[in-house]
Amino acid sequence: MRKRLHRNSSSASAGDKANGEKSSNDNKQKRVMHRDIERQRRQEMAKLYASLRSLLPLEYVKGKRSISDHMHQAVSYINHLQGSIKELDKKSDKLKNLYDKNVVESPKGKSNNYLGNIVTVSSCWCGVEILVSSSLVEKGFPLSRVMEILIEEGLSVVSCFSTKVNERLLHTIQSEVGDLTRIDLSALQQKLNERCN
C-alpha cells in the first residue's frame with residue numbers, strides 16, 4: 001500500500017508541475033500578446049500624432065514640445081480657424097448685402113445681371129481684403145487688372161476665391177501689407193472701381 005501512495009503522490013507532483021508549466025506558458029503568452037498589442041497601439045498613436053502635427057502651421061509646432069503641448073496648439077489652431085470662418089461669413093454677408101443694395105438701386109430696365117463690377121476694400125486680420133461682385137453675363141471680368149493694381153500698391157496676395165450668387169460672381173481677395181497705415185483704402189477702392197468698369 002505504501003508503494004501505491006508513493007506512486008500517487010509522485011504522479012500528483014508531476015501533474016502539478018505540468019499544470020504549473022502550462023500556467024507559466026499561458027502567462028508568458030498573455031504578456032507577449034499584451035506587449036504586442038501595446039506596441040501596435042503606441043505605433044498607431046505616433047502615426048496619428050505625426051499626421052496631426054503635419055496639418056498644423058509651423059508657428060504652432062515650433063521647437064521640441066511635448067505631445068500635450070502640440071495638442072493644445074492644435075486646439076488653438078482649430079479655434080483660430082473657426083474665428084476666421086465666422087469673420088469670412090460676416091464679410092460674405094456684407095458683400096451679399098452690398099449686392100442686394102445695388103440691385104435695389106439699379107436703374108429701371110436694367111437687369112441685375114448687367115450691373116457693373118462692384119468693388120469694396122476693407123482692412124482685415126492679414127492686411128487688406130477686396131470684395132468684387134461681377135456679372136456672369138458680361139464675360140471677361142478683369143481679375144488680372146485687380147491683381148496688377150494690388151501689386152502696384154505694394155500688396156501681396158495671400159488668397160483669392162470666388163463663388164456664384166444670383167447670377168453674379170463674388171471674388172474675395174486677401175492681401176498682406178507691411179504697414180496698413182500707408183494704404184489709403186478709399187483711394188484704392190476708387191482706383192479699382194475705375195479700372196474694373
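FYI, the numbering just counts along the sequence from 1.
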For [X] and [Y], work out which heavy atoms get closest and say how close.
X: Lys91; Y: Ser123; result: NZ-O, 4.0 Å
X: Ser51; Y: Ser54; result: O-OG, 2.7 Å
X: Val121; Y: Gln189; result: N-OE1, 3.0 Å
X: Leu56; Y: His70; result: CD1-O, 4.1 Å

same_hphob_cluster([X], [Y]) at 4.5 Å side-chain heavy-atom cutoff:
X: Leu188; Y: Ile173; value: yes
X: Met71; Y: Tyr77; value: no
X: Val157; Y: Ile130; value: yes

Would you say the side chain of [Y] lies within less than 4.5 Å of the side chain of [X], judging by non-hydrogen atoms?
X: Leu88; Y: Gln174; result: yes
X: Val128; Y: Leu150; result: no
X: Arg65; Y: Gln73; result: yes
X: Glu38; Y: Arg41; result: yes

**OP:** Decide whether Ser24 and Asp26 meet the rule of one side-chain donor and one side-chain acceptor closer than 3.5 Å.
**Re:**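 No, because no side-chain N or O of Ser24 sits under 3.5 Å from a partner of the opposite role on Asp26.
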**OP:** Classify the side-chain pair Glu194/Gln190 by whether it contains a donor and acceptor separated by less than 3.5 Å.
**Re:**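 There is such a pair (donor and acceptor under 3.5 Å, judged by atom type) between the side chains of Glu194 and Gln190.
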**OP:** Mind running salt bridge (charged side-chain N to carboxylate O under 4.0 Å, His left out) on Asp36 and Arg39 for me, showing each step along the way?
**Re:** CA-CA 5 Å; Asp36 289 343; Arg39 186 182 325 110; 3.1 Å; yes
Original post:
Are Glu148 and Arg145 ion-paired here, with the side-chain N under 4.0 Å from a carboxylate O?
Top reply: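 Result for this pair is no, no salt bridge flagged.
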Subject >> Lys90/Asp93 salt bridge by N-O under 4.0 Å criterion >> reply: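 Not counted as a salt bridge, because no side-chain N and carboxylate O are separated by less than 4.0 Å.
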Subject >> Working for side chain to side chain contact (heavy atoms under 4.5 Å, CB included), residues Val146 and Leu192 >> reply: CA-CA 7 Å; Val146 172; Leu192 286 167; 4.0 Å; yes
**OP:** Apply the test side chain to side chain contact (heavy atoms under 4.5 Å, CB included) to residues Leu81 and Asn79: give CA-CA distance (whole Å), side-chain angles for both, the deciding distance (0.1 Å), then the verdict.
**Re:** CA-CA 5 Å; Leu81 289 177; Asn79 289 334; over 6 Å; no
**OP:** Rounded to the nearest 0.5 Å, what's the gap from CE on Met147 to CD1 on Ile149? Could you check?
**Re:**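 So the CE of Met147 and the CD1 of Ile149 are separated by 11.0 Å.
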